Amino acid sequence: MNKAREGIGSMDSVRLDKWLWAARFYKTRGLAQTAIEAGRVFVNQHRVKVAQALRVGDEVLIRQGDVSRTLRVLALSDLRGAAPVAQGLYAETPESVLARDELARQRRLAAEPALAIEEGRPTKRDRRRLEDLRKGY
């Protein structure tokens with residue numbers, strides 16, 4: 001059988017780092033391994049190791065920055081393919097989608113951090129005055 005066809009759905013389990021890479025959550029397997037070792041990935045609500053065997057039906061929690069995703073594994077693959085194929089490997093839970101949407105809404109409504117700076121950067125004249133104050137002139 002063709003190697004590309006064997007990559008999806010014909011296995012009982014696959015390494016977690018390979019699956020995360022194939023599902024396009026991380027650009028490289030090394031980044032996936034780093035995230036797993038840092039405790040940002042959980043399988044069935046347990047912290048796992050890089051070589052954890054992942055099976056269809058497992059629940060995977062991934063934290064990337066301030067975004068958390070809870071996924072149900074639908075298919076297995078250790079080959080990275082096109083994005084539409086990768087999206088067929090998992091289904092995000094409705095609660096996870098709602099939480100991400102709420103976080104995005106809060107970010108949109110939050111004040112822009114740059115607006116908190118009222119006067120902007122100090123001018124050359126302002127810096128000289130500050131230096132004079134520090135020196136005691």
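Every value quoted in this text rests on a predicted model; they were computed, and no experiment measured them.
Counted by atom type alone, Gln33 and Glu37 present zero donor-acceptor pairs between their side chains at under 3.5 Å.
With salt bridges taken as basic N to acidic carboxylate O contacts below 4.0 Å, none links Glu131 and Arg128. At a threshold of 4.0 Å, the pair Arg72-Glu92 does not count as salt-bridged, since none of the basic side-chain nitrogens sits closer than that to a carboxylate oxygen.
Residues Gln52 and Arg15 are not in side-chain contact: their nearest non-hydrogen atoms beyond the backbone lie 4.5 Å or more apart. Between Ile36 and Leu20, some side-chain heavy-atom pair lies under the 4.5 Å cut-off. Counting only heavy atoms from C-beta outward, the side chains of Val73 and Leu89 never approach each other to under 4.5 Å. Contact check for Leu71 versus Ile62: side-chain heavy atoms found under the 4.5 Å cut-off. Taking 4.5 Å as the limit, some side-chain heavy atom of Arg69 sits within range of a side-chain heavy atom of Phe25. The shortest distance between side-chain heavy atoms of Asp58 and Arg55 falls below 4.5 Å. No side-chain heavy atom of Thr123 sits under 4.5 Å from any side-chain heavy atom of Arg127.
By the 6.0 Å contact criterion, CZ on Arg125 is open, its count of non-hydrogen atoms from other residues, nucleotides or ligands being 12 or less.
By the 4.5 Å side-chain criterion applied to Ile, Leu, Val, Met, Phe, Trp and Tyr, Phe42 is assigned to a cluster that also includes Leu61.
Checking side-chain atoms of Asp132 against main-chain N and O of Arg129 turns up no donor-acceptor pair under 3.5 Å.
Interatomic distance, CG of Leu16 versus CZ of Arg29, reported as 10.5 Å (0.5 Å rounding).
Classification of the Tyr90-Trp19 ring pair by plane angle, with boundaries at 30° and 60°, yields perpendicular.
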